[in-house]
There are 2 protein chains.
Amino acid sequence: MTIHTPSSIGRYASKFIDLTPEELTTFTAAFKEIKVKKRQFLVQPNFIAQHRYFILKGALRAYVVGEEGQDHTIQLAIEDWWISDYNSYMFRQPASMFVMAVEDSHLLQISFEDELQLKATSYKFETFFRILAERSVAFMQRRVITSLTQTAEQRYDTFVEKYPAMVNRFPQYVIASYLGMTTEFLSRIRNHKMKG
Amino acid sequence: MTIHTPSSIGRYASKFIDLTPEELTTFTAAFKEIKVKKRQFLVQPNFIAQHRYFILKGALRAYVVGEEGQDHTIQLAIEDWWISDYNSYMFRQPASMFVMAVEDSHLLQISFEDELQLKATSYKFETFFRILAERSVAFMQRRVITSLTQTAEQRYDTFVEKYPAMVNRFPQYVIASYLGMTTEFLSRIRNHKMKG
DNA sequence: AAAAAATGTTGAACCAGTTCAACATTACGG
DNA sequence: CCGTAATGTTGAACTGGTTCAACATTTTTT
C-alpha cells in the first residue's frame, strides 16, 4: 500500500492553495507514480521533456554536457523538490539537458497535457503553477547572485548552510559541477576545512 | 496625449492571453505611468519592492553591491521588458538589490496589491502572471547555463548575439558586471576583436 | 567653453581556480 | 568476497581573468 502518493503531493499543494476534497482528488489524479533506477534518464537532449517530476523519495540531477565533454549541473532535487528541463517542458522545445536519477527514486510525474488540463479545470490549479514558477524565479535569482558575488569556497559554504540535506546525497563531483568548480578544487576546499 | 500607455501594455498582454475589451480596460487600469530620471532609484536594499515595472521607453538595471563594494548586475531591462527585485516583490521580503534607471525612462508600474487584485478578478490575469514567471524561469536557466559553460569571451559574444539592442544602451562596466567579468577584461575582449 | 564627473584603456604583476597525471578509496554487481 | 567501476585525493605546472595604478576619452553640469 502506497501511503504517501495522494497525500504527499496533496499536502505539498495545500501549502500554497486551499483545495476542497474534490479538487484534491482531481489534482492528485493528474499525477502518475513511477519508479526509476539509479542512473536512469528521464529527459535527454534534443527530445522534448514530456513531464515534470515531483520527488517522493530519491535524488535526481539535471545537467548539460559542455563542448569538452564536462558535465555542468543545472539542478539538484531530492524529496519534495520538482525537476525537469523547464524550458523544454514549458515551451515545447528540444531539451538541452539530461535529467538522471542519482539514487533509485520514487516520483510523481505530470505530463504537459495533463497540466494544461488541470490549469483549465480550476483557477486554483493555475495559481498553484504560477506559485511554483515564481518560487523557481526567486531560487534561480539567488543562484545567479551567489555565482556573481561569491568565491568557490563561499559558494560551497552557502550551499552546505542552505541545503544541508543535499550534501550527503550527491557525489562530490556533482556538487562541484553544480557550484561551478572542479572536483579537485572542491576536494581541496573540504580537506582544507578539516584541518582549519 | 499618451498614445501608447494603454495600447503598449495591452498589446504586450495580448501576446499571451486573449482579452475582451472590458478585460483590457481593467488590466491597463491597474498600471500607473511614471517617469524617472537617469540614476534615479526605484528599489533599494532593505526596503520591500512595492512594484514591478514595465519599460515603455528607457533602460534600467538591477544590481547588488558585494562585500568589497563592487556592483554585480542581476538584470538589465529596456523597452518591453519587466524589472524589479522579484524575490522582494513577490514574497514581500526586504530587497537585496538596487533598481536604477540608466536612462531617463518612461515606465508602467503595478503594485503588489493591484496585481493581487487583478489575479483575483480573472483567471486570464492569473494566467498572464504565470506565463511571465515561466518566461523568467526559462530566461534565468539560460543564464545559469551560459555562466557555467562559457568563457568570458563566449559569454560576451552570446550576449551581443542574443541582445544586440542592449549592447549600446548600457555602459561597458554594467555589461561586464552582468556577464561576470571586470570592466578591464571586457575592454580587452572588445579591443582584441577589432584587430584579430 | 571650462570644469568636473563618469566611463574606458593599457601594462605588468598577480592569484584563484584549472589541468593533468598518478594514485587511493569506496561502492557494488556477479 | 572478489574484481571492476565509480568516486575522491594530492602535487606541480599552468592560465584565464583580476588587480592596481596611471592615464585617455567622453559625457554632463554649470
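A, B, ... follow the sequence lines: proteins, then strands. Residue 1 opens every chain. Computed from a predicted structure; not experimentally measured.
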Parallel, tilted or perpendicular: which one describes the rings of [X] and [Y], with boundaries at 30° and 60°?
X       : Y       : value
Y12(A)  : W82(A)  : perpendicular
Y89(B)  : F112(B) : perpendicular
F41(B)  : Y63(B)  : tilted
F159(B) : Y178(B) : tilted

Restricting to nitrogen or oxygen on both sides, can you table the protein-nucleotides 14-17 of chain C pairs closer than 3.5 Å?
{"from": "dG17(C)", "atom 1": "OP1", "to": "A152(A)", "atom 2": "N", "distance (Å)": "3.0"}

Would you mind reading off the distance between [X] atom [atom1] and [N] atom [atom2], rounded to a whole angstrom?
X       : N       : atom1 : atom2 : answer
N191(B) : dG11(C) : CG    : C1'   : 13 Å
E184(A) : dT19(C) : CD    : C1'   : 7 Å
L179(B) : dT18(D) : CG    : P     : 11 Å
H72(A)  : dT18(C) : NE2   : P     : 11 Å
E103(A) : dC28(C) : CD    : P     : 10 Å
N168(B) : dT27(D) : CG    : P     : 12 Å
D71(B)  : dT18(D) : CG    : C1'   : 17 Å
I189(A) : dT18(C) : CD1   : C1'   : 13 Å

Review point. What about R188(A): does its side chain form a donor-acceptor pair under 3.5 Å with the base of dG11(D)?
Key: yes
Lys/Arg-Asp/Glu bridge criterion (N-O < 4.0 Å) met for [X], [Y]:
X       : Y       : answer
K37(A)  : D104(A) : yes
E184(A) : R188(A) : no
D114(B) : K32(B)  : no

Restricting both atoms to N or O, compile the protein contacts to nucleotides 3-7 of chain C shorter than 3.5 Å, with distance only.
{"from": "dT7(C)", "atom 1": "OP1", "to": "Y173(B)", "atom 2": "OH", "distance (Å)": "3.3"}
{"from": "dT7(C)", "atom 1": "OP2", "to": "Y173(B)", "atom 2": "OH", "distance (Å)": "2.7"}

Practice item. Say whether V36(A) and V99(A) are linked into one hydrophobic cluster, either directly or through other cluster members, by side-chain heavy-atom distances under 4.5 angstrom. Key: yes
Could you pull out all donor-acceptor pairs under 3.5 Å where a side-chain atom in residues 133-140 of chain A meets a protein atom, sequence neighbours excluded?
{"from": "E134(A)", "atom 1": "OE1", "to": "R130(A)", "atom 2": "NH1", "distance (Å)": "3.1"}
{"from": "E134(A)", "atom 1": "OE2", "to": "R130(A)", "atom 2": "NH1", "distance (Å)": "3.3"}

